[in-house]
Amino acid sequence: MKRLTVFSIKSFAGPFVATFCISMVMLIMQFTWVYIDDLMGKGLSVGVIIELMFYVSAGLIPLALPLAILLSSIMTLGNLAENNELTALKSSGLSLFRILRPLTQTVILIAISTFFFANYVIPVANLKWHTIIFDIQETKVGMLLTPGSYSKEIDGYAIKVKSAKDNTFYSITIHDYTNPNILKTVKADSGTVYKGDNGKYLLFHLSNGIVHEELQAQAPVFTNQGQPFHTGDFRPSRTTQFKAATYKMELIGFDLNKSDEELFKNDYEMLNVFQINEAKDSLQRKQNKVLSDFGKTNVRNRPFSQSVSFEKLPRTVVGKPAVNAANEIQQLQAIPSKTIKLSSLTKAERIAAVNAAIISARSMAGVNEEQAQYLNAFRINYEQFQIEFHRKFALSGAIIVLFFVGAPLGAIVRKGGFGAPVVIAALLFMVYFVLFSVGENLAGSGVLSPFWGMWLPTAVLIPIACILMIAAANDLGVFDKKLWRYILTFGTKR
């Protein structure tokens, strides 16, 4: 039995490592494609790129593991079946469940390790790589300029540089269109660009240049004798030379805040299950307080409640300063002590009363709508924490279920290597990923609870895994009538 354990684990380890590495490379390429605009042409050092990819790789492991487990289990059992080794093991009296026991224990160990990794390591990795990406977007403002062509990324400016080295640019031309009444052109031999401390301005430190300002065409001006001071298209202008100057431009769309890990630290992706529970409790307390305060405010603003306050006025004002008591008396005395019927009012009073009621109703409807939107934001935020909480557990469950899908499927198709198993695994993983995405979206929109949203792919794949295990254990095809008769009769008929 020890030899069987060693043999099974050796057969599984090679395909698992290979498929895991391939999956990681594919996911890293996908990440790079998403952030290609932020990474390309930024002059980033090798150290920064390696650090970014290191943290990103840690965050992508939960996505790579299910695919690696599925593909490696299909390949392992497919190789055993293709080489008749699985048949030999069954002929020696071992059931499929006994043959899979060492691999099952290994996969369960991987699933448990994955949970701890997702709970303690991935939140830190997510925090790190989000901060690095934010930092790249924040500091590399010099890449807004492309040597040899005009850049209009900054609203109101057209900037052209002849060449660049690091953060220094040469032969700079700046056309300033921010003031429609003045045509301003700045030319300089060289300059450096950097961002202001508040991130709202782009600053050019220019050397050896000129500033040419030209107003729009002016109307002709005449002397007392009717003679024009000037004729034609007159444009007042001035030219200023400088040795060193700083030119400030307002950044619109690039006003990012200073990079700080604390900015992301309380996001749901950056927390473990214990921190998520604390965050959920905090959100629940805030929501309860908001509802309580809103309810109390509504009750206090109702005429009935104000009338009751008027009846209890002596008890209400006890212990209050005289000024506050007098103000409250003055406000409450305006409320009639008896019910007023609409029929007892004059026509003008009825119209005024109806208009006041309509205004009050509209005001209350607006307040209620704003409160509903505020509470809906609370709900969405709370459900995001719930989704992330169940995601960490559902990942480990998916790893185990995908193993019990892939292993019997490999025994049934009897094909190893990177041929048919890759196609089958790709199709099955696509089903898993679609179910995962659908479940997450349904949970986020409130259609499904976060629990069922995250466990949807596992719940769908468990029956498939059971059917495949029964088929592989009894050497039956998936579409064999005997298999379905065996399943429907709960194993009494075959």
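Numbers here are sequence positions counted from 1.
Nearest heavy-atom pair across Ala465 and Val405 is CB-CG2, 3.7 Å. Minimum heavy-atom separation, Met75 to Pro15: CE-CB, 4.0 Å. Closest approach of Thr76 and Ser72 over heavy atoms only: OG1-O, 2.7 Å. Closest non-hydrogen pair, Ala473 versus Leu96, comes out as N-CD2, 3.7 Å. Of all the heavy atoms in Lys392 and Val273, the pair that sits closest is CD-CG1, 3.6 Å. The minimum heavy-atom distance linking Met469 with Pro408 is given by the pair SD-CG, 3.6 Å.
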**Item:** side-chain contact (heavy atoms from CB on, under 4.5 Å) evaluation trace for Met249 with Leu203
**Value:** CA-CA 6 Å; Met249 302 178 186; Leu203 303 175; over 6 Å; no
**Message:** Is there a side-chain contact (heavy atoms from CB on, under 4.5 Å) between Thr106 and Phe403? Walk through the geometry before answering.
**Reply:** CA-CA 11 Å; Thr106 303; Phe403 169 75; over 6 Å; no
**Item:** Evaluation steps, side-chain contact (heavy atoms from CB on, under 4.5 Å), between Ile108 and Thr104
**Value:** CA-CA 6 Å; Ile108 291 175; Thr104 302; 3.9 Å; yes
**Request:** Please test Val438 against Asn441 for side-chain contact (heavy atoms from CB on, under 4.5 Å), starting from the C-alpha separation and ending with a verdict.
**Result:** CA-CA 5 Å; Val438 169; Asn441 291 333; 5.8 Å; no
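Looking at heavy atoms from C-beta onward, Phe385 lies out of side-chain contact with Gln275 at the 4.5 angstrom threshold. Side-chain contact between Leu461 and Ile464 is present, with at least one heavy-atom pair separated by less than 4.5 Å. Between Thr19 and Leu67 there is no side-chain heavy-atom pair separated by less than 4.5 Å. Contact check for Ile69 versus Phe12: side-chain heavy atoms found under the 4.5 Å cut-off. With contacts defined as side-chain heavy-atom distances shorter than 4.5 Å, the pair Met454/Glu388 does not qualify. Between Leu77 and Leu100 there is a side-chain heavy-atom pair separated by less than 4.5 Å. The side-chain heavy atoms of Leu409 and Leu428, taken from C-beta on, include a pair separated by under 4.5 Å. Within the 4.5 Å cutoff, side-chain heavy atoms of Pro66 are placed close to those of Leu395.
Formation of a donor-acceptor pair under 3.5 Å by the Thr32 side chain with backbone atoms of Ile28 is found in this model. Counting only distance, with no hydrogens or angles, the side chain of Ser437 and the backbone of Val434 share no donor-acceptor pair below 3.5 Å. For the pair Ser73 (side chain) and Leu70 (backbone), a donor-acceptor distance under 3.5 Å is present.
Between Tyr120 and Phe274, the two ring planes are tilted [angle within 30° to 60°]. Using cut-offs of 30° and 60° for the angle between ring planes, the Phe393 and Phe389 rings count as tilted.
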Side-chain donor-acceptor pairs of residues 110-118 under 3.5 Å, sequence neighbours excluded:
| from | atom 1 | to | atom 2 | distance (Å) |
| --- | --- | --- | --- | --- |
| Ser113 | OG | Leu109 | O | 2.9 |
| Thr114 | OG1 | Ile110 | O | 2.6 |

Throw together a table of side-chain donor-acceptor distances under 3.5 angstrom for residues 48-63, partners on residues two or more places apart or in other chains.
| from | atom 1 | to | atom 2 | distance (Å) |
| --- | --- | --- | --- | --- |
| Ser57 | OG | Met53 | O | 2.6 |

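Atom CG of Leu65 and atom CD1 of Ile399 lie 4.5 Å apart (nearest 0.5 Å). How far CZ of Phe20 is from CG of Leu71: 13.0 Å, rounded to the nearest 0.5 Å. Atom OH in Tyr382 sits 5.0 Å away from atom NZ in Lys280 (nearest 0.5 Å). The distance from the CG atom of Asn381 to the CD atom of Gln386 is 11.5 Å, given to the nearest 0.5 Å. From Lys289, atom NZ reaches atom CZ of Arg285 across 12.5 Å, with rounding to the nearest 0.5 Å. Taking CZ of Phe429 as the start and CG of Leu402 as the end, the distance is 8.0 Å to the nearest 0.5 Å.
Under the salt bridge (Lys or Arg N to Asp or Glu O under 4.0 Å) criterion, no residue pair touches residues 105-127, with sequence neighbours excluded.
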